[in-house]
Amino acid sequence: MDAVNDWLLTWGDHLWTWIVLPVVVGLGAYFTIRSGVVQFRLIPEMFRTLTDKTPRTADGEPQSVSAFQAFTISAASRVGVGNIAGVGTAIAVGGPGAVFWMWLMAFVGGASSFIESSLGQLFKIRDADGFRGGPAYYMQRGLRSRWMGVLFAIILIVCFPFAFSSLQANTIADTITTTADAEDNTALLWFIGLALTVLLGLVIFGGVRRIASVTQLLVPLMAFAYLILGLAVVIMNIDRVPDVIGQIFSEAFGFNEVVGATFGYIVLTGVKRGMFSNEAGLGSVPNASATAAVTHPTKQGLVQTLGVYFDTFFICSITAFIILVSVPDLTDASKGISLTQGALEDSLGSWSNTALSVIIFLLAFSSILGNYYYGYSNIEFITGSKVVLNAYRVLTMLTVLGGSVVAADLVWNFADGIMGLMALINLIAIGLLSGLAFRLLKDYTRQRREGRDPVFTRDLMPDVAGIECWEDADTVTGPMDLDDLTAESHKHRDHLHGAPEI
């Protein structure tokens, strides 16, 4: 197993260094320039669209989950082990400089997230719960490449509901057993695993709306609790903050003792852990963005870009500062969750381990729910068989049980490699389809300048095949009637052809 682990580590590093990293940076820069820095320019719109009312059916029922609920589903997957254990590993391996590269890639990745989430909305389809979609759907419908969509769907299923969820469960179990400080953890590990499995089953057999209702409650609660805990640590060590900020920037560029190959490793570590945490460009978030009932695809592009910032600039940053203000010397620092736990205990005392255990449970359990939904959506893309879907639910529950009781090193390295493949396939697809997202952005900004709440319908893109859910005006307009919508769509149809105004 050690040989397999070493091979996975080496293979994953080569994949990221020579293929994934150049594509991530290159396409992110291209999307940023071509969109007129949409991830910065439209920040006010991100907050406005987050609170949009959900369009309703003729009988007054919500068509699907709301924009905010779709945001919490994606945040549930984003905000988890990556924000605490992942950031701890990045700092232990790459030093404070890795934090800078996480920040930079979150900003650049915001443009990639905007593109993929807008496309997820554009090519979504209807199902029993409302809507579903994602990269597999826009690969088949936008690129006319079902084989590419199936390949992506298989990789996502292996990566998120199986590999990543087992890591989330492992972190929950590890945190609780460390806090309990029991002499024999075997029985406790199995108890934790069984409890997680039962809780997961109660939620996932209720469909996407139950998942949305749970994450809508958990995500704000856990984020607020963790931010309060982190701010307490920072305030207690406020005199260290200027030095920490200086370290983050100076060591990011290889000053002091960080030179040569080490500099490259710092960048790679920051980018990998940043993508694991905020998922910008990875291809997971469009599965959540497609579930929302909104009046324009661009709205979810903006909302999910805000999700990248929420994850990295708030949750990841507070973890970084907890560690760096509490642990000035990172020599021989432990990796992962134990580094964050030690930093909290040094500043706040042993009670903070109990508090962190509760927060970790909320973070990781909500991530398991988000990961499950991503896999579910892609299982439905491959096959609508109820037998297969139920088998998938059972396998997901068994994965959580197994992840609670086994060592995680091998799974971490495997997940890194499979995540790189997943990102590569998705980035190629959104690069090829990005022109459609720019056309959507152009239409959205034009309608906003004219003082309207932007509305999109299928006839605004008559030259694009594969668009299903925007055919009928009453499915997306809410209070606007069909005649009003038709007039508006004809008025703006001609503006959709060409590059966005910057």
Side-chain angles (χ1 to χ4, degrees), residues 19-42 45-46 49 74 105-124 133-145 148-149 151-152 156 275 278-290 294 296-308 422-446 454 456 458 460-467 470 492 495-502:
I19 302 177
V20 180
L21 183 59
V23 174
V24 168
V25 175
L27 276 179
Y30 168 72
F31 295 151
T32 297
I33 295 168
R34 180 79 188 279
S35 67
V37 198
V38 64
Q39 69 267 48
F40 177 76
R41 181 166 54 93
L42 295 186
E45 283 293 295
M46 296 176 193
T49 56
S74 64
M105 288 313 301
F107 179 75
V108 174
S112 301
S113 185
F114 171 82
I115 298 295
E116 64 180 356
S117 295
S118 297
L119 292 171
Q121 267 288 317
L122 181 63
F123 290 105
K124 67 186 179 181
Y137 296 81
Y138 55 67
M139 288 170 191
Q140 174 173 300
R141 290 169 168 267
L143 294 178
R144 290 290 185 258
S145 180
M148 188 180 188
L151 176 62
F152 179 87
L156 182 144
M275 181 170 277
N278 63 47
E279 301 178 20
L282 184 56
S284 52
V285 172
N287 295 275
S289 71
V294 293
H296 200 289
T298 297
K299 290 185 175 183
Q300 270 298 296
L302 295 170
V303 165
Q304 298 304 339
T305 301
L306 183 64
V308 173
M422 182 175 154
L424 186 61
I425 296 171
N426 180 62
L427 288 166
I428 291 171
I430 66 174
L432 294 172
L433 291 169
S434 59
L436 299 179
F438 297 136
R439 289 168 64 180
L440 289 170
L441 175 60
K442 179 181 179 180
D443 179 66
Y444 181 90
T445 54
R446 188 181 301 277
F456 175 82
R458 174 68 183 86
L460 291 168
M461 283 189 174
D463 58 317
V464 180
I467 300 174
W470 305 93
H492 297 289
H495 298 307
L496 276 169
H497 301 279
E501 293 185 359
I502 297 174

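- Side-chain contact check for Arg34 and Tyr30: at least one donor-acceptor pair (N or O, by modelled atom type) lies under 3.5 Å.
- Taking both residues in full, the closest heavy atoms of Ser112 and Phe31 are given as OG-CD1, 3.6 Å, listed atom of the first, atom of the second, then distance.
- Side-chain atoms of Ser284 and Glu279 form a donor-acceptor pair, as typed in the model, at a separation below 3.5 Å.
- Looking at Thr305, its side chain does come within 3.5 Å of a backbone N or O of Gly110 through a donor-acceptor pair.
- Across Trp470 and Pro297, no two heavy atoms sit closer than the pair CZ2-CG, 3.6 Å.
- Residues Asn287 and Pro135 come closest through the heavy atom pair ND2-CD, 3.7 Å.
- Note that CD1 of Ile19 and CG of Leu21 are 11.5 Å apart. Values are rounded to the nearest 0.5 Å.
- No option in Val294, Thr49, Val285 other than Thr49 meets the side-chain contact (heavy atoms from CB on, under 4.5 Å) test with Val303.
- The side-chain heavy atoms of Lys124 and Tyr137, taken from C-beta on, include no pair separated by under 4.5 Å.
- Rounded to the nearest 0.5 Å, atoms CG (Leu432) and CG (Leu427) are 11.0 Å apart.
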task = Run the numbers on Leu151 and Met139 for side chain to side chain contact (heavy atoms under 4.5 Å, CB included), then give the verdict.
result = CA-CA 10 Å; Leu151 176 62; Met139 288 170 191; over 6 Å; no
query = Between Leu436 and Tyr138, is a side chain to side chain contact (heavy atoms under 4.5 Å, CB included) present by the stated rule, with each step listed?
reply = CA-CA 11 Å; Leu436 299 179; Tyr138 55 67; over 6 Å; no
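- The line from CG of Leu306 to CD of Gln300 is 10.5 Å long, rounded to the nearest 0.5 Å.
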message = Would Tyr444 and Glu45 count as a side chain to side chain contact (heavy atoms under 4.5 Å, CB included) here? Give the steps.
response = CA-CA 11 Å; Tyr444 181 90; Glu45 283 293 295; 2.4 Å; yes
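- Within the 4.5 Å cutoff, side-chain heavy atoms of Ile467 are placed close to those of Leu122.
- In this structure, Ser117 contributes its side chain and Ser113 its backbone to a donor-acceptor pair below 3.5 Å.
- Rounded to the nearest 0.5 angstrom, Ile428 CD1 and Leu433 CG are separated by 12.0 Å.
- Taking every heavy atom of both residues into account, His296 and Leu440 meet most closely at CE1-O, 3.4 Å.
- The nearest pair of heavy atoms linking Ser118 to Gly301 is OG-CA, 3.5 Å.
- In this structure the side chain of Val464 reaches within 4.5 angstrom of the side chain of Arg439, judged on heavy atoms.
- Heavy atoms only, all atoms of each residue included: Ala111 and Gly28 are closest at CB-O, 4.1 Å.
- In this structure, Gln140 CD and Phe123 CZ are separated by 11.0 Å, a value rounded to the nearest 0.5 Å.
- With contacts defined as side-chain heavy-atom distances shorter than 4.5 Å, the pair Phe114/Thr298 qualifies.
- For the pair Phe438/Ile115, a side-chain contact is recorded, criterion being any heavy-atom separation below 4.5 Å from C-beta on.
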task = Would you please test Val108 and Val25 for side chain to side chain contact (heavy atoms under 4.5 Å, CB included) and show each step?
result = CA-CA 7 Å; Val108 174; Val25 175; 5.8 Å; no
